[in-house]
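Read through the structure below, which is laid out as structure tokens, and then see the notes.
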Amino acid sequence: MNTTAQAPSQTIAPSAEVITQMRTAIRDMDAMSRDGFGSVEAIARLALLALESPEGQRFTEVLACALQAIRDTSRRTMDSISEEAEFFGCEHVDPAELRRAEAWRVMSGHTQPAMQPVQKDGAA
């Protein structure tokens, strides 16, 4: 499948198959976000309610587990959504993250670039 980015004057309409794949990916991302973030919301709500009572304040280990569940669910959800976006060449690239990675590479003496944005048009 060719997902090459084109200049506006050179845009080629995607095939029906590509449109179907994209619709399926968007539907999957919506389901993943609802499932993952719904879980995060529920766990956070329970943790916050626990903090409203003296009894809840005594169970810091339970609250720590809730926070770990929030962290893990968030990471899994982000990774799943990113994987779908990457398949179509639509992943988010954070310029600040790239600059930090490059600064670390220079500071640590590495010769290879740390990360580079993916070029979808074949450019280097």
Side-chain angles (χ1 to χ4, degrees):
M1 175 175 59
N2 184 358
T3 59
T4 302
Q6 302 279 330
S9 62
Q10 300 173 334
T11 301
I12 299 171
S15 68
E17 178 185 355
V18 170
I19 291 172
T20 299
Q21 289 175 332
M22 292 177 84
R23 290 177 61 86
T24 299
I26 292 168
R27 202 172 293 119
D28 289 349
M29 287 188 288
D30 182 50
M32 284 183 271
S33 69
R34 289 177 178 275
D35 180 55
F37 298 128
S39 296
V40 166
E41 179 186 26
I43 295 166
R45 187 173 294 198
L46 289 172
L48 289 169
L49 282 171
L51 290 172
E52 292 179 9
S53 72
E55 189 65 24
Q57 294 280 337
R58 293 187 188 120
F59 296 104
T60 57
E61 188 58 35
V62 172
L63 292 173
C65 288
L67 293 172
Q68 288 172 336
I70 288 171
R71 179 199 61 209
D72 295 347
T73 301
S74 296
R75 173 54 57 192
R76 277 193 309 275
T77 303
M78 285 188 321
D79 289 347
S80 295
I81 291 171
S82 289
E83 184 177 314
E84 290 290 333
E86 287 173 11
F87 180 80
F88 290 100
C90 298
E91 67 273 16
H92 171 74
V93 176
D94 181 354
E97 182 180 2
L98 294 175
R99 289 190 303 269
R100 289 189 299 271
E102 181 62 14
W104 176 86
R105 182 194 67 79
V106 169
M107 185 272 314
S108 63
H110 286 55
T111 58
Q112 297 295 321
M115 292 190 281
Q116 294 196 3
V118 176
Q119 298 290 327
K120 299 299 177 188
D121 60 359

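The structure presented is a predicted model; accordingly, all values stated were derived computationally and were not measured. Both backbone and side-chain heavy atoms feed into the values below; hydrogens, waters and symmetry mates do not. Numbering starts at 1 and runs along the sequence shown.
Taking CZ from Arg23 and CG from Asp28, the interatomic distance works out to 12.5 Å, rounded to the nearest 0.5 Å. In this structure, the separation between CG on Asp35 and OG1 on Thr77 is 7.0 Å, given to the nearest 0.5 Å. Once rounded to the nearest 0.5 Å, the distance linking CG of Leu67 with CG of Asp72 reads 11.0 Å. Rounding to the nearest 0.5 angstrom, the gap separating the CD atom in Glu97 from the NE2 atom in His92 is 8.0 Å. For the atom pair Glu84 CD and Asp30 CG, the distance stands at 12.0 Å (nearest 0.5 Å).
Heavy atoms of other residues, nucleotides or ligands lying less than 6.0 angstrom from CD of Gln57 number more than 12.
Between Met22 and Phe88, the shortest heavy-atom distance links the atoms CG-CE2, 3.2 Å. Here the closest non-hydrogen pair linking Thr73 and Ser39 is CG2-CB, 4.1 Å. Of all heavy-atom pairs spanning Gly56 and Ser53, the tightest one is N-OG, 3.0 Å.
Taking the charged nitrogens against the carboxylate oxygens, Asp79 and Arg75 do have a contact shorter than 4.0 Å, which makes a salt bridge. Ion pairing between a basic and an acidic side chain is recognised when a charged N comes within 4.0 Å of a carboxylate O; Arg99 and Glu102 show no such pairing.
Considering only residues two or more places apart in sequence or on other chains, Arg71 meets the side-chain contact (heavy atoms from CB on, under 4.5 Å) condition with Gln68. Listed by chain and number, the residues in a side-chain hydrogen bond (donor to acceptor under 3.5 Å, both in side chains) with Arg100 amount to none (sequence neighbours excluded).
Leu46 and Phe59 sit in two unconnected hydrophobic clusters of ILVMFWY residues. Membership requires side-chain heavy atoms under 4.5 Å apart, directly or through other members.
Residues Ile26, Met29, Met32, Ile81 make up the rest of the hydrophobic cluster containing Phe37, defined by ILVMFWY side-chain heavy atoms closer than 4.5 Å, directly or through other members.
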